[in-house]
Amino acid sequence: MSDTCSGSCESCSSSCSSHAPKREDFLVPANEKSNIKKVIGVVSGKGGVGKSFVTSYLATLFQRKGYNTAILDADVTGPSIPKAFGVHGLANATEEGIIPSESSKGTKMMSVNLLLNSEETPVVWRGPVIAGTVKQFWSEVMWGDVDYMFVDMPPGTGDVPLTVFQSIPLDGIVIVTSPQDLVSMIVAKAVNMAKSMDIPVIGIIENYSYVECGHCGEKISVFGESKVEETAKRFDIPVLAQLPLDPVISKAIDKENVEGLNGEWLDGAVAYIESVHAVAK
Ligand SMILES: Nc1ncnc2c1ncn2[C@@H]1O[C@H](COP(=O)(O)OP(=O)(O)OP(=O)(O)O)[C@@H](O)[C@H]1O
């Protein structure tokens, strides 16, 4: 604040800290028919690391524990959430808003694939239109009572994920990575983006960490030795899980049946998220 501050920001041109935009300035109001207790973003530095699988399975595991769960599929150009749950067809709407679709076990979801006449239509929209769509998923979808909402974020740390970070009141983010040399840089970008918006990083989940030999049980690091522990230490965040590359997972997703999986891969991550972001059921 300058010495000559009158307290009236509207008529002032100085760029003092009290004048800087705050996170709340960008947040989009939720739909009146939404009561969402916790919002967890699932982010990745690049595509194809299993972010959508982790999002779907986290929601499934929380649902199994008796929570009301939902997924906002913000990965508008690569939407894969409804298919993982075998959910197809157009979402319904009333004059008051859009009704989220629901999986067979009750996880609510909204995705661009539920609004297009054909799931094979490519989304070739530009950044601001994509970001606008995600904001509408928040403000125009009548989510009802949700304990945990997971947001499958657009991959990377560019313009669109940034807008999503700014528009939706995320309580925390989970970073999904794969084992490779670039992991430290990728995690650094995601951590710094979250930090710049005061969003806590809950932890890192490493996918494709190893393949387990079906005969002797040996764990083979197909993508090289993991550096996730030292990266996590560098940023003072926990490693929530290290998942194997397992055909059971890809088969379940191909069969559109993530809810039929029974692996314990993310049990520790679920318990941790439950403890740091507790909600009453
Ligand atoms: N641990 C795993 N073992 C076997 N297959 C996996 C595993 N994790 C993900 N997959 C498969 O890999 C493919 C890519 O995963 P997914 O769509 O979750 O990645 P993504 O990071 O969300 O990609 P994008 O950014 O392109 O949306 C999917 O077919 C999924 O079923």
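Scope of the values below: all heavy atoms of this structure, side chains included, with no hydrogens, waters or symmetry mates. Predicted, not measured: the structure shown is a model, and the values here were computed from it. Start at 1 and go down the list; that is how both ligands and their atoms are numbered.
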Task: Neighbouring residues of ligand 1, heavy-atom cut-off under 4.0 Å - done: Gly47, Gly48, Val49, Gly50, Lys51, Ser52, Phe53, Asp75, Gly78, Pro155, Asn207, Tyr208, Pro244, Leu245, Asp246, Ile249, Ser250, Ile253

Open item on the list: Within 45 degrees of the ring normal and closer than 6.0 Å to the centroid, is that where the cationic atom of Lys219 sits relative to Tyr210?
Closed with: yes

TODO: Give a yes or no answer on whether the side chain of Gln242 reaches the backbone of Asn207 with a donor-acceptor pair at less than 3.5 Å.
DONE: no

Task: Pairs touching residues 254-275 that satisfy ring-ring contact (aromatic ring centres under 6.0 Å, His included), sequence neighbours left out - done: Tyr57-Trp265

Task: SB check Asp171 Lys37 (cutoff 4.0 Å) - done: no

Open item on the list: What I'd like to find out is whether the side chain of Pro100 reaches to under 4.5 Å of the side chain of Phe137, using heavy atoms alone.
Closed with: no

Task: Salt bridge flag under 4.0 Å for residues Glu259 and Lys105 - done: no

